[in-house]
Amino acid sequence: VCHGVMLKLAPHVTIIDVTHGIKPQSVREGAMVLAHAVAYMPVGSIHLAIVDPGVGTTSPAMIVTTADGSVLVGPDNGVLSMAAARLGGAKACYEITNPNLMLPEPSRTFKGRDIYAPAAAHLACGIAPVEFGREIAVDSIVGLTIAEPRRHDDHFHSTVLHVDRFGNLQLNLSSDQMSDIGLSVGSMIEVRIEGHRGLVTYGEAFGSVPQGELVVAKDSYGLMAVSVNHGSAAERLKAALGSSVIVGPPGSGAEE
């Protein structure tokens with residue numbers, strides 16, 4: 001329906017779906033996935049992101065212009081913040097309040113259709129952000145950041161940031177941090193997650209291990225991920241968004 005609204009108002013646009021797989025109400029996951037994606041989109045794109053647990057009650061509808069010329073549209077609940085930073089920082093912010101740039105009698109529970117999609121389409125038609133409503137101070141909008149993993153002696157306490165449809169568990173842990181505790185590709189590492197504990201190969205890719213085996217490897221966004229070759233790590237380990245993960249060398253505190 002949102003596609004239809006945008007194409008009705010701006011039939012010339014190209015619409016790219018990044019994902020509809022964000023866990024319901026997970027603003028932080030939506031913010032992180034959007035931030036990963038924007039770097040691969042054309043400069044000057046209009047990015048529409050809606051993860052809005054407070055729809056109809058909180059989180060004003062916002063337009064954020066960024067330093068690289070791109071524009072973000074979505075609720076002011078933090079979902080746009082990481083992407084804005086990735087695009088050079090927020091340049092200006094405007095609240096969407098102009099009824100002439102919404103659908104008639106907008107629903108309080110489907111802002112995506114009635115407010116956000118029309119805003120994105122009107123922007124694509126050249127309407128200036130200032131026409132949508134009052135300007136908001138950049139430093140007043142809600143911001144989110146990705147929590148850093150916590151190092152304890154020879155291991156890291158990490159967190160699952162995202163679970164994709166294949167069941168891969170993306171961690172807030174980088175390959176540089178793995179190196180900091182003496183772990184390198186090809187070695188075995190101790191992993192503890194949701195009551196499961198064992199030695200796992202630190203591989204270059206899923207195929208670094210036989211089918212059905214666990215592997216830890218750097219994902220396409222440069223973060224470490226726990227995966228199963230031809231399987232689902234989320235199902236195997238009963239893990240989900242927010243699960244705690246301890247990673248370290250064999251015999252480290254990861255096995256405590």
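- Taking Pro99 as the reference, nothing meets the side chain to side chain contact (heavy atoms under 4.5 Å, CB included) condition, with sequence neighbours excluded.
- Under the 4.5 Å side-chain heavy-atom criterion for Ile, Leu, Val, Met, Phe, Trp and Tyr, Val142 and Val51 are members of distinct hydrophobic clusters.
- Listed by first and then second residue, the side-chain hydrogen bond (donor to acceptor under 3.5 Å, both in side chains) pairs involving residues 123-133 amount to none (not counting sequence neighbours).
- In plain terms, the two heavy atoms of Ala10 and Ala121 that are nearest each other are CB-O, 3.8 Å.
- The side-chain heavy atoms of Gln177 and Phe156, taken from C-beta on, include a pair separated by under 4.5 Å.
- Taken to the nearest 0.5 Å, the CG atom of Leu72 stands 5.5 Å off from the CG atom of Leu80.
- Minimum interatomic distance between Pro106 and Leu103 (heavy atoms only, all atoms of both residues): CD-O, 3.4 Å.
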Please list, one pair per line, the donor and acceptor atoms closer than 3.5 Å that link side chains of residues 209-221 to other protein atoms, with sequence neighbours excluded.
from: Asp219; atom 1: OD1; to: Tyr221; atom 2: N; distance (Å): 2.9
from: Asp219; atom 1: OD1; to: Gly222; atom 2: N; distance (Å): 3.1
from: Asp219; atom 1: OD1; to: Leu223; atom 2: N; distance (Å): 3.0
from: Asp219; atom 1: OD2; to: Gln170; atom 2: NE2; distance (Å): 2.7

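- Between the NE2 atom of His157 and the NE2 atom of His155 there is a distance of 3.5 Å, given to the nearest 0.5 Å.
- Not counting sequence neighbours, the partners of Ser158 by the side-chain hydrogen bond (donor to acceptor under 3.5 Å, both in side chains) test are Asn172.
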Name the atoms and distances for all side-chain donor-acceptor pairs under 3.5 Å in residues 109-120, with sequence neighbours left out.
from: Thr109; atom 1: OG1; to: Ser107; atom 2: OG; distance (Å): 3.2
from: Asp114; atom 1: OD2; to: Ser107; atom 2: N; distance (Å): 2.7

Enumerate, atom names and distances included, each donor-acceptor pair closer than 3.5 Å involving a side-chain atom of residues 32-50, sequence neighbours excluded.
from: Ser45; atom 1: OG; to: Pro42; atom 2: O; distance (Å): 2.6

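- Distance alone, capped at 3.5 Å, is enough to place a donor-acceptor pair between the Arg151 side chain and the Asp153 backbone.
- Every salt bridge (charged side-chain N to carboxylate O under 4.0 Å, His left out) that Glu95 has, sequence neighbours left out, goes to Arg134.
- Counting only residues at least two apart or in different chains, side-chain hydrogen bond (donor to acceptor under 3.5 Å, both in side chains) contacts with residues 75-88 are absent.
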Pairs under 3.5 angstrom only: tabulate donor-acceptor contacts from the side chains of residues 240-247 to other protein residues two or more places apart or in another chain.
from: Ser243; atom 1: OG; to: Glu194; atom 2: OE2; distance (Å): 2.7
from: Ser243; atom 1: OG; to: Ala240; atom 2: N; distance (Å): 2.9
from: Ser243; atom 1: OG; to: Ala240; atom 2: O; distance (Å): 3.0

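- No side-chain heavy atom of Pro11 sits less than 4.5 Å from a side-chain heavy atom of Leu7.
- The hydrophobic cluster containing Val73 does not contain Met82, counting ILVMFWY residues as joined when their side-chain heavy atoms lie under 4.5 angstrom apart, directly or transitively.
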Item to check | Stepwise side-chain contact (heavy atoms from CB on, under 4.5 Å) check, Val226 with Leu171 | outcome: CA-CA 8 Å; Val226 182; Leu171 309 181; 4.0 Å; yes

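- Taken from CD1 in Ile96 to CE in Met62, the straight-line distance is 8.5 Å, to the nearest 0.5 Å.
- A single hydrophobic cluster is not seen to contain both Ile193 and Phe166; linkage of ILVMFWY side chains at heavy-atom distances under 4.5 Å, directly or through other members, places them apart.
- Among all heavy-atom pairs drawn from Val27 and Gly78, the shortest one is CG1-C, 4.2 Å.
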Next on the checklist: Pair Leu161, Glu29 - check side-chain contact (heavy atoms from CB on, under 4.5 Å), show working.
Outcome noted: CA-CA 7 Å; Leu161 294 177; Glu29 184 184 21; over 6 Å; no

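- The side-chain hydrogen bond (donor to acceptor under 3.5 Å, both in side chains) analysis of residues 4-20, with sequence neighbours excluded, yields the pairs His3-Asp17, Asp17-His20.
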Next on the checklist: Working note: Phe132 + Ile127, criterion side-chain contact (heavy atoms from CB on, under 4.5 Å); need CA distance, chi angles, decisive distance, verdict.
Outcome noted: CA-CA 9 Å; Phe132 289 82; Ile127 295 179; 3.8 Å; yes

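- In this structure the side chain of Pro149 never reaches within 4.5 angstrom of the side chain of Thr159, judged on heavy atoms.
- Remark: the Asp176 side chain and the Ser174 side chain contain no N/O donor-acceptor pair separated by less than 3.5 Å.
- Leu101 and Ile63 fall within the same hydrophobic cluster, where Ile, Leu, Val, Met, Phe, Trp and Tyr residues are linked whenever their side-chain heavy atoms come under 4.5 Å apart, directly or through other members.
- Within a 6.0 Å sphere centred on NE2 of His196, heavy atoms belonging to other residues, nucleotides or ligands number more than 12.
- Note on Leu144 and Ile22: same hydrophobic cluster, where clusters join Ile, Leu, Val, Met, Phe, Trp and Tyr whose side-chain heavy atoms are under 4.5 Å apart, directly or indirectly.
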Checklist entry - Could you walk me through whether Val64 and Val71 pass the side-chain contact (heavy atoms from CB on, under 4.5 Å) check? => result CA-CA 6 Å; Val64 179; Val71 182; over 6 Å; no

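- Partners of Ala92 under the side chain to side chain contact (heavy atoms under 4.5 Å, CB included) rule, at least two apart in sequence or in another chain, are Thr65, Tyr94, Glu135.
- Minimum interatomic distance between Val79 and Gly30 (heavy atoms only, all atoms of both residues): CG2-C, 4.0 Å.
- With sequence neighbours excluded, the residues forming a side chain to side chain contact (heavy atoms under 4.5 Å, CB included) with Tyr202 are Ser175, Met178, Leu183, Val185, Ser187, Ile189, Met224, listed by chain and number.
- Within the 4.5 Å cutoff, the side chain of Leu169 has no heavy atoms near those of the Ser227 side chain.
- For the pair Val13 and Ala124, the tightest heavy-atom approach, listed with the atom from each and the gap, is CG1-CB, 3.5 Å.
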